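What you are looking at is a predicted structure, and each value in this text was computed from that prediction instead of being measured. Within every chain, numbering begins at 1; the chains are lettered A, B, ... in the order of the sequence lines, protein sequences first and strands thereafter. Below, each value reflects all heavy atoms present in this structure, side chains not excepted, and no hydrogens, waters or symmetry copies.
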Number of protein chains: 2
Amino acid sequence: MQDTKERIVSLADQLIKTRGYNAFSYKDISDPLEIKNAAIHYHFPTKTDLGIAVIDIEVERFILLSGKWATQPEDKQLKQLFETFNKKNKEGLVCLMGSLSPDYETFPSALQEKVTGMSSTFLNWTSECLEKGREKGLFHFDGDAYDRALLVMTNLLASLLLCRVMGNKVFSRITNQLLKDLNAGK
Amino acid sequence: MQDTKERIVSLADQLIKTRGYNAFSYKDISDPLEIKNAAIHYHFPTKTDLGIAVIDIEVERFILLSGKWATQPEDKQLKQLFETFNKKNKEGLVCLMGSLSPDYETFPSALQEKVTGMSSTFLNWTSECLEKGREKGLFHFDGDAYDRALLVMTNLLASLLLCRVMGNKVFSRITNQLLKDLNAGK
DNA sequence: TTGATTACTTACTTACAAGTAAGTAACTTC
DNA sequence: GAAGTTACTTACTTGTAAGTAAGTAATCAA
């Protein structure tokens with residue numbers, strides 16, 4: 001019965017993306033699942049263990065998804081990435097990176113390393129996607145692909161944060177302009 | 001003696017920018033200032049009141065600073081804005097928006113409104129700066145100035161978050177490329 | 001069928017966060 | 001010089017977070 005364990009991680013994932021890591025407690029998980037907080041400690045002895053599990057699942061899910069896109073042209077792949085952010089926005093969520101990075105300093109090093117690893121995974125993928133797409137003439141941009149990936153990732157990450165504060169039409173404004181920019185001069 | 005009150009706000013500001021709003025407590029302020037937690041409650045009855053004071057000071061400071069830049073050409077003004085972010089980065093801080101926006105849903109409405117107001121102030125200033133600079137031929141970009149301001153603000157905000165996680169050379173990579181983009185085609 | 005393992009619950013503990021009521025010492029105003 | 005007012009402290013209360021020790025019921029493995 002991995003059912004409870006999966007539900008715990010899934011709820012923790014949602015809570016982190018809505019309220020933030022330091023603002024949710026085991027009670028926020030045990031109440032809706034109708035279990036005791038000790039049941040969570042059974043599966044995840046510490047909150048850090050739970051945080052790590054949430055990140056592991058997120059990275060796993062991304063690797064699986066991006067693997068499925070791999071046969072498509074790079075401009076389509078990038079749009080798929082944007083679509084995953086769009087989906088989060090529609091659900092009123094921010095991305096894991098956007099939620100965890102401000103709290104980074106409050107994390108034990110094991111959790112910090114996981115966040116850094118996740119960030120690398122996303123940045124490397126985006127960087128490669130942009131570089132290959134540029135080689136094929138699907139994107140047009142100046143400078144290093146990794147620098148461009150940094151710009152794209154920061155736009156996406158913070159767009160979800162700003163949507164919280166300014167309303168969620170912000171997302172389409174940002175992504176539309178960003179996609180136009182990348183194909184500019186075509 | 002407004003001295004204590006100012007020190008409380010200043011420390012709260014730093015704590016929010018390093019650990020996040022939900023991760024600091026009155027003890028983190030009362031200990032270093034060698035006062036009792038009740039002294040903080042005297043000046044700021046609730047944590048919300050303290051959070052609001054921190055935002056008010058930040059916005060005030062920005063209006064003062066940007067007023068001083070107003071005589072400079074817009075490309076210099078934008079660089080001044082970048083410089084305020086650079087300074088935060090060097091101190092290991094994120095910006096207030098980057099720290100508060102992920103926790104937005106956990107805030108009482110009075111604090112939420114302050115965050116939204118602060119965000120509007122920054123976005124409107126950036127939008128006007130970009131538009132006027134474009135009219136003068138100092139910037140070159142496509143699309144609506146407000147959309148461009150959204151892109152610039154999300155780059156700046158999230159660059160500080162990513163610096164936490166990926167090391168702080170990320171900042172110069174992002175800002176250098178961003179400034180090149182805005183003058184591209186010159 | 002016994003002994004181990006799994007997946008919990010019951011019932012705690014420790015620590016700390018936010019906030020409050022009542023008191024006080026110093027200054028200020030009239 | 002008496003009556004506020006300011007800026008605190010002392011000493012609490014209430015609530016909740018994270019974590020643990022010991023017990024239990026059900027399934028598994030030999």
Side-chain angles (χ1 to χ4, degrees), chain A residues 1-55 57 99-100 102-112 114, chain B residues 1-55 57 99-100 102-112 114:
Chain A
M1 278 288 136
Q2 286 292 86
D3 215 47
T4 302
K5 190 170 183 177
E6 276 167 30
R7 274 184 230 179
I8 291 169
V9 178
S10 171
L11 234 179
D13 180 79
Q14 272 227 206
L15 285 163
I16 291 173
K17 288 170 180 167
T18 46
R19 311 178 49 78
Y21 183 82
N22 288 317
F24 88 89
S25 75
Y26 276 29
K27 199 168 184 294
D28 297 322
I29 292 171
S30 58
D31 278 356
L33 295 188
E34 289 176 302
I35 56 177
K36 302 295 160 182
N37 75 329
I40 308 174
H41 283 286
Y42 169 74
H43 292 289
F44 305 98
T46 68
K47 201 178 177 183
T48 301
D49 296 316
L50 180 53
I52 287 172
V54 168
I55 295 177
I57 297 281
S99 178
L100 294 179
D103 298 344
Y104 189 81
E105 298 293 325
T106 70
F107 296 161
S109 59
L111 190 52
Q112 289 185 338
K114 281 287 168 182
Chain B
M1 278 287 137
Q2 285 294 84
D3 216 46
T4 302
K5 191 170 183 179
E6 276 166 30
R7 273 184 230 179
I8 291 168
V9 179
S10 170
L11 234 178
D13 180 78
Q14 271 225 215
L15 285 164
I16 290 173
K17 287 169 180 170
T18 45
R19 311 177 50 77
Y21 183 83
N22 288 317
F24 88 91
S25 75
Y26 276 28
K27 198 168 184 298
D28 297 322
I29 293 171
S30 57
D31 278 356
L33 296 189
E34 290 177 300
I35 54 177
K36 301 296 159 181
N37 75 326
I40 308 173
H41 282 286
Y42 170 73
H43 292 289
F44 305 99
T46 69
K47 199 177 177 182
T48 300
D49 296 315
L50 179 53
I52 287 173
V54 168
I55 296 177
I57 297 282
S99 177
L100 294 179
D103 298 343
Y104 190 80
E105 297 292 326
T106 71
F107 296 161
S109 58
L111 190 53
Q112 288 185 338
K114 281 287 168 183

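Note: CZ (B:Arg7) to P (D:dC8) measures 9 Å, nearest angstrom. One can place NE2 of A:His43 at 16 Å from C1' of D:dT20, the figure rounded to the nearest angstrom. Computed from coordinates, the B:Lys36 NZ to D:dT6 P distance equals 24 Å when rounded to whole Å. In this entry the distance linking CG of A:Leu50 with C1' of D:dA17 reads 14 Å, nearest Å. Taking atom NZ on A:Lys5 and atom P on C:dA7, their separation rounds to 8 Å, with Å as the unit. Atom OH of B:Tyr42 is separated from atom P of C:dT24 by 18 Å (rounded to the nearest Å). A:Asp3 has its CG atom 18 Å from the P atom of C:dT6, to the nearest Å. Here D:dA17 presents its P atom at 11 Å from CD1 of A:Ile40, a figure rounded to the nearest Å.
For A:Thr46, whose side chain is taken as the heavy atoms from C-beta onward, the closest listed nucleotide among D:dT9, C:dC8, D:dG19 is D:dG19.
When the nearest nucleotides of DNA chain D are assigned to B:Ala38 and A:Phe44 by heavy-atom distance, the more 5′-ward of the two goes with B:Ala38.
Within the nucleic acid shown, B:Lys47 comes within 4.0 Å of sugar-phosphate atoms alone, with no base atom in reach, counting heavy atoms only.
Within residues 9-29 of chain B, no residue has a heavy atom under 4.0 Å from DNA chain D.
A cation-pi arrangement is not found for B:Lys5 relative to B:Tyr42, the charged atom failing to lie both closer than 6.0 Å to the ring centre and inside a 45° cone about the ring normal. Both cation-pi conditions hold for B:Lys47 and B:Phe24: the charged atom is under 6.0 angstrom from the six-membered ring centre and inside a 45 degree cone around its axis.
Taking the side chain as every heavy atom from C-beta outward, A:Ile55 and A:Leu111 approach each other to under 4.5 Å. Under the 4.5 Å side-chain criterion, counting only non-hydrogen atoms from C-beta, B:Thr18 is not in contact with A:Thr106.
Ring orientation note: the planes of B:Phe107 and B:Tyr21 are nearly perpendicular, at an angle over 60° on the 30°/60° scale.
A donor-acceptor pair shorter than 3.5 Å can be found between the side chains of A:Thr46 and A:Asp49.
Residue A:His41 has no polar side-chain atom (N or O) positioned under 4.0 Å from OP1 or OP2 of D:dA18. Between C:dC8 and A:Thr4, a contact under 4.0 Å exists linking OP1 or OP2 to a side-chain N or O.
Considering all non-hydrogen atoms of both residues, B:Gly20 and B:Ser99 come closest at CA-OG, 3.7 Å.
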